[in-house]
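What follows is one structure encoded as structure tokens, with my remarks underneath.
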Amino acid sequence: MRLVLRHLPRAMSELPKAYEPNEVEKSWYQAWLDAKCFEADPSSEKPPYSMVIPPPNVTGILHLGHVLNNSIQDILARRARQKGHEVLWLPGTDHAGIATQTKVEKQLREEEGKTRRDIGREAFLEKVWQWKEKHGGIIIKQLKRLGCSCDWSRERFTMDADYSKWVAQVFADLFKEGLIYRGKRMVNWCPVSLTALSDEEVIPKKQNSKLYYMKYELVDEPGQFLEIATTRPETLMGDVAVAVNPKDERYGKYVGQKVKRPFPPAEIPIVADEHVDPEFGTGALKITPAHDKADFEIGVRHDLEIIDVFHPDATVNCPDVPELDGQDRFVARKKAAAMLEEMGLMLKIEEHENNVGFSERADVPIEPRISMQWFLKYPATEETAKAVAQEEISYRPARWAKTHANWMDGIQDWCVSRQLWWGHRIPVWYRKEKVSALQEAESLTLDNLSAGDLHVSAEPPMDPENWIQDNDVLDTWFSSWLWPFATMQHLGEDSELVKKFYPTTDLVTGPDIIFFWVARMIMAGFRFKGELPFKNVFFTSIIRDIKGRKMSKSLGNSPDPIDLMDKYGADGLRFGLMRTAPVGADLRFDEALVEEGRNFANKIYNACRFRRMVGSDSKSDFKPADHPSLRPYHYDILAKCDALAVNQEAAYQEYRFNEIGSQLYEFLWSEFCDKFLEAVKGDLREEASEAQREITLGVFDVVMARYLQLLHPYMPHLTEELSVRMGYLAEGQFLMQQELPEQALLVGVNSDIITTGQEQADAVYEAAGRLRNLKAEYRLAARKDVTFIAKSGPDWLEAEAETLSLLVGAEAITRDEAYAPEQGTPGAVTSVGELFMPLAGLIDMEAEKARLDKEIDKIQKEVGKCQNKLGNEKFVANAKPEVVAVERERLAEWEGNLSQLQQMRANLTS
RNA sequence: GCUCGGUUAGCUCAGUGGUAGAGCGCUUGCUUCACACGCAAGAUGUCACUGGUUCAAAUCCAGUAUCGAGCACCA
């Protein structure tokens, strides 16, 4: 028995005037879960559709970026179900190494005043797992609140035991292949997290720094100095040379000489290197190979010593200079500058803007540092670049393919080791006899170990007591890049799931992680599964605030989606966001968008509420073809609904989510409510015939039932609710499980009849607009007692006169071809003929003259434009025939209107 | 420096060769028997600039200006 039955007994008309989404959304979500609507069946005969969720950080909380991203995925999943696919949307979370470890360390510090080293690796990991258990479910709950139809029975976590097996196995395979190696290299070091980072985790930021000009004395020419500019005097102790450009004539004579390093005192050589830019600073560059990537390379070229003068936390490690030893790098910078000043070696200090790399997570400047790390030479780079370039994987918008290509071009080996504890520990063991202490293992090179002393495998050694495991863990992304298949398949098994659903169909993610994630997943797909992991990648907009700034906690400009959902409903939030989400550009978020979404939900709800007030029995089995003659408004709305279905499909094909939303909005609000519903209200009044009433209710129900289905991916809860309440579903059915019918609503109806009906409906709607306009001009908008007289018009006018009156808010519209308007009677040329508004006669003749003159003027301009165009021989010769035909029709229409208006104007003055 | 994107109504954005659009905001009028989270009417544009292609350019091409993103450099 369905939970939702408890909704049914209450009549719609007893419900509040405004839709209240919160209860409805929660109970429907639960009903879907209870009925296992989201679970994928690998044995299904239906064609597969699959996606994997970009796994959010396990301890993260939902932000608007997630809302946009997951709304899109939910829309795709729900639409695919409606199109008859067996859908797998596989959810899960990411362990997020640094982010999570940092949070737990902070808590440990605050609550117990301890560091992770104080309590040790095992106890610390225990705490992280506890934290994960406590906070890990939050974002999943939030995704459920949003209505995401993920298969929660298959939820995965990147540190699940079998997922971890994949990670270790992949590492071992790549190591055996020679693509993973260990070495001492210059890496990006985070002095707060105390770990190496990949290039992608370093964010360059513009900084207002200082450029210090100082001088080093030449050893062979006392009293002579070489001037050097630097932004980092605190690394001076690590200087091992000064470099100049070999082509720089100012310094050529000094190359090969030595200068005196001020502290600790030393004599260091002057070398020539192409890297040095003679234009910058003084053209002489101090070389600190231990603390700068470029300096390191120069050091290698000139065989220079490497002197590391920092501890891992970026405090100075230089006992020879006690003034600086132990100081933080930024304190040391000022102190070193002061010391140079005292020694008379400082020339000047200039303001200088430069880029400094910041640690993505800890938000402090990274320190280039030489350390022993594990690196990966990327596999399958050629296939990956080719697959994207040749659109075997299509990127949408397509321009991101170029960004992808640019990155692939200059690709550097990936530093995959992290000096953290939370993560997948590197599956490498060293024989204890050879390596007695972990500290030694860190400085060990693999070349010094024979094959028997090294164990690299997904399985630990059989005799663990004789081995020591590598201390480091892997970069989080080293597990994420396996996500599309490691979530579907245990290592070494060929699961039903992977057979049915891999490769996946679509991937929806942000363009900011093309390098981190998307490109790497493609490489892993090729290398480990021999094929592409997905066919289409849809990149979402990046959400900014209304001023165009990135959303961030520190700016406080990031609204909590849960608050928004409480206020406007999940459907309102989804719809508001989707309707304006630009295809290519950034999205500027404004709460007004969500308000619009809520208002729209309310509009639909009220249209249905109205329907229930005039009759509680559903007529969704109504067949237009069974009725020989419907009213024009019926044909019109049925045809527009059929067109909507077609247009929706076209827009889905191109992932044009904003257009899909606009179509849905336009149809319901303008076409269905403003036009159709207003036009047929008369059919539902007590004095209307039973037959007419039945037909109108039938048309309402078939259109609304179909519309709710089309809208369902965007507003799943509301549409499910209304479909049940309106009686459009059989007992036990869910809207989300109904396939979209292929048949049009107007199937079997003669197309000429439809066209005629639509033309008449159009004419009436257009005329209603003109007459309302006329009333408003004479400030009669609110009056209902105005009668219009038609002096001309089509033969069907009388049949529709009552409807037109209803739409206009008029007493009546009567036909009188002999009618001779009194002077000053306002009139208008409409698509249902020449109409006059006698009530206002004699009121203001001058105003009427002015109004007509203005209108005539406007139309004359249009006529002129058309005539010009049609008078252009080249236009008539070259333009498409249908374009010319349209132009001719337009001219004829304008001219007809013009002559009628001119006649009316003439009558006024005669 | 390289690459990519934007510039259309007061605001946020659609529009891709053939009559300039939406939502919000604004003005005016409405307790119209679904909805004020609403109804009706209205005002508002040198489609950044300059040139080119075309019978026809907001739309295609080239350049300029300007804003933004990414990459490289950054002593």
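Keep in mind that the numbers below use all heavy atoms, side chains included, and drop hydrogens, waters and symmetry copies. By convention in this document, chain letters (A, B, ...) are assigned in the order of the sequence lines, proteins followed by strands, and residues within each chain are numbered from 1.
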My understanding is that only one of A:Arg261, A:Lys286, A:Arg232 makes a salt bridge (charged side-chain N to carboxylate O under 4.0 Å, His left out) with A:Asp239; could you say which?
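Only one option passes, and that is A:Lys286.
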Check the distance between [N]'s [atom2] and [X]'s [atom1] and give it to me in whole angstrom.
X        : N     : atom1 : atom2 : value
A:Arg544 : B:G68 : CZ    : P     : 10 Å
A:Lys205 : B:C71 : NZ    : P     : 14 Å
A:Tyr765 : B:A40 : OH    : P     : 12 Å
A:Tyr665 : B:C35 : OH    : P     : 18 Å
A:Arg772 : B:A40 : CZ    : C1'   : 6 Å

Determine whether A:Tyr213 and A:Ile349 satisfy the following criterion, side-chain contact (heavy atoms from CB on, under 4.5 Å), listing intermediate values before the conclusion.
CA-CA 6 Å; A:Tyr213 287 79; A:Ile349 304 172; over 6 Å; no
Tell me whether the side-chain N/O atoms of [X] come closer than 4.0 Å to OP1 or OP2 in [N].
X        : N     : result
A:Asn773 : B:G42 : yes
A:Lys603 : B:C39 : yes
A:Trp669 : B:C39 : yes

What contact category does [X] fall into here, base, sugar-phosphate, or nothing, at under 4.0 angstrom with non-hydrogen atoms?
X        : value
A:Asn878 : base
A:Arg890 : base
A:Val356 : nothing
A:Asn406 : sugar-phosphate
A:Lys861 : nothing

P-based separation of B:C13 from B:U28 [nearest Å]:
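Between the two P atoms, the distance is 29 Å.
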Would you kindly check whether a donor in the side chain of A:Lys17 faces an acceptor in the base of B:A36, or vice versa, at under 3.5 angstrom?
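No.
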For B:A40, does the base pair up with any side-chain atom of A:Glu678 as donor and acceptor (N or O, under 3.5 Å, distance only)?
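A donor-acceptor contact between them is absent.
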Could you please name the option among B:A34, B:C4, B:C33 that lies closest to any side-chain atom of A:Cys673?
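For A:Cys673, the side-chain atoms sit closest to B:A34.
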Name the closest nucleotide to the A:Lys402 side chain, picking from B:C74, B:C4, B:A34.
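Per side-chain heavy atoms of A:Lys402, the pick is B:C4.
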Determine the interplanar angle of the A:Tyr19 and A:Tyr605 rings, folded into 0 to 90°, and report it as parallel if under 30°, tilted if 30 to 60°, perpendicular if over 60°.
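Aromatic pair A:Tyr19/A:Tyr605 classed tilted.
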Check the pair A:Asn773, A:Arg770 against side chain to side chain donor-acceptor pair (under 3.5 Å), reporting the backbone distance first and the verdict last.
CA-CA 5 Å; A:Asn773 179 333; A:Arg770 299 203 65 87; over 6 Å; no
Does the pair A:Asp199 and A:Asn188 meet the rule for a side chain to side chain donor-acceptor pair (under 3.5 Å), with working shown?
CA-CA 7 Å; A:Asp199 294 343; A:Asn188 309 299; 2.9 Å; yes
